[in-house]
Amino acid sequence: MKGTKSVISDENKRLCVWLKRQRQEKGHTMRSLSEILGTPHSFIGKVENQERRLDVIEYVRYCQALSIDPMDGLKQVLIEA
């Protein structure tokens with residue numbers, strides 16, 4: 001693992017890019033996804049711009065809101081680990 005701040009790690013970047021792509025492919029805006037999650041839309045923006053990390057429970061809920069498999073995202077993290 002490079003560095004100690006996982007919010008700016010290569011792995012986190014791949015995960016955030018994947019989450020953003022999944023959101024867009026599902027036809028959601030940041031606002032529509034935030035409504036499903038019950039969070040401010042700025043939460044989505046901060047996650048996608050790597051300004052905020054997701055804990056494991058938030059990550060699973062994020063994936064559930066998008067109807068995607070959390071394991072697929074973890075594969076993105078492990079792709080070059």
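Remember, predicted model here, so these are calculated numbers, not experimental data. Hydrogens, waters and symmetry mates play no part in the numbers below; they use all other heavy atoms, side chains included.
- Summarising the geometry, atom NZ belonging to Lys26 is positioned 7.5 Å from atom CG belonging to Leu66; distances are rounded to the nearest 0.5 Å.
- Side chains of Arg31 and His41: a donor-acceptor N/O pair is present below 3.5 angstrom, by distance only.
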>> Using the rule given for side-chain contact (heavy atoms from CB on, under 4.5 Å), can you reason through Leu15 versus Leu74, listing the C-alpha separation, both sets of side-chain angles and the distance that settles it, and then say yes or no?
In response: CA-CA 8 Å; Leu15 182 64; Leu74 294 178; 5.8 Å; no

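- Using a 4.5 Å heavy-atom threshold, the side chains of Ile36 and His28 count as touching.
- The same ILVMFWY cluster, assembled from side-chain heavy atoms under 4.5 Å apart, contains both Tyr62 and Met71.
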> Are Leu33 and Phe43 close enough, and set up right, to give a side-chain contact (heavy atoms from CB on, under 4.5 Å), and what steps lead you there?
Replying inline: CA-CA 10 Å; Leu33 180 56; Phe43 170 84; over 6 Å; no

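- In this structure, CD in Gln50 is found 5.5 Å from CG in Asn12, a value given to the nearest 0.5 Å.
- The nearest pair of heavy atoms linking Cys63 to Trp18 is SG-CZ3, 4.3 Å.
- Ile44 is listed as a side-chain neighbour of Leu37, based on a closest heavy-atom distance under 4.5 Å.
- One finds the CZ atom of Arg61 at 11.5 Å from the OG1 atom of Thr39 (value rounded to the nearest 0.5 Å).
- Between Glu58 and Arg52 there is a salt bridge, with a side-chain nitrogen of the basic residue lying less than 4.0 Å from a carboxylate oxygen of the acidic one.
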> So Met30 and Arg23, side-chain contact (heavy atoms from CB on, under 4.5 Å) or not? Walk me through it.
Replying inline: CA-CA 8 Å; Met30 284 190 259; Arg23 175 183 60 77; 3.8 Å; yes

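- Between atom CG of residue Asp69 and atom NZ of residue Lys75 there is a gap of 7.0 Å, rounded to the nearest 0.5 Å.
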>> Checking Cys16 against Glu48 for the side-chain contact (heavy atoms from CB on, under 4.5 Å) test, could you report, in this order, the C-alpha distance in whole Å, the side-chain angles of both residues, the deciding distance, and whether it holds?
In response: CA-CA 5 Å; Cys16 292; Glu48 291 183 359; 5.5 Å; no

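- Leu19 and Val56 sit in two unconnected hydrophobic clusters of ILVMFWY residues. Membership requires side-chain heavy atoms under 4.5 Å apart, directly or through other members.
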